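A quick write-up on the structure given underneath.
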Amino acid sequence: MPEFLGKRYKLFSSENFDEFMKALGVGAVTRKMGSSVSPVVELTENNGLYTLKTTSAFKNSEIKFKLGEEFDEETPDGRKVKSVCTLDGNKLIQLQKGEKETTIEREFTPTEMKAVMKVDDIVCTRVYKIQE
Ligand code: DKA
């Protein structure tokens, strides 16, 4: 079982998140809330069913998926999208299709998780540190 499953990673740094949310049409109040919190992210797996939990004072969200199988997702800001996740080594690659196409690549290491999120020509990078 990959070492990063079941570990909790807390947001440590964030670049371009406001621009990323703006490009997705997220309103000013939600952007402010979204930018002010440091979510904790945890990926677990049980019999091929993966759960990605994101917890923060603003919102808790959870997606459940099987690798390569499309599922319906409601994003923390309320967009309804079709998502598909694949795992490439220690990198979880999520493609979200809605009004816009978004990719979120989360690379897990024993000490941190780095999320690179792309929409249009915007690249947002968020680094999360492992919680002991
Ligand atoms: C995270 O996991 C952020 C995930 C991206 C959410 C997209 C828009 C959120 C608006 C509050 O840290």
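Fair warning: this is a prediction, and the values are worked out from it, not measured in the lab. Note that ligands are numbered from 1 as they come in the structure, with each ligand's atoms numbered from 1 the same way.
- For the pair K129 and F12, the cation sits on the ring face: its NZ or CZ lies under 6.0 Å from the ring centre, inside 45° of the axis.
- The aromatic rings of F65 and Y50 lie parallel to each other, with less than 30° between the two planes, well short of the 60° mark.
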Measure from every N or O atom of ligand 1 to the protein's N or O atoms and keep only the pairs below 3.5 Å, writing each with atom names and distance to 0.1 Å.
{"unit_1": "ligand 1", "atom_1": "2 (O)", "unit_2": "Y128", "atom_2": "OH", "d": "3.4"}
{"unit_1": "ligand 1", "atom_1": "12 (O)", "unit_2": "R126", "atom_2": "NE", "d": "3.3"}
{"unit_1": "ligand 1", "atom_1": "12 (O)", "unit_2": "R126", "atom_2": "NH2", "d": "2.9"}
{"unit_1": "ligand 1", "atom_1": "12 (O)", "unit_2": "Y128", "atom_2": "OH", "d": "2.5"}

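- Not counting sequence neighbours, F17 has no partner by the ring pair (Phe, Tyr, Trp, His ring centres under 6.0 Å) test.
- E73 pairs by the side-chain hydrogen bond (donor to acceptor under 3.5 Å, both in side chains) definition with S83, Q94, Q96, not counting sequence neighbours.
- Annotation: side-chain contact (heavy atoms from CB on, under 4.5 Å) contacts of T54 (sequence neighbours excluded): P39, V41, S61.
- Look at K100 and D120 and you find a salt bridge, because one of the NZ, NE, NH1 or NH2 atoms lies within 4.0 Å of a carboxylate O, short of that distance.
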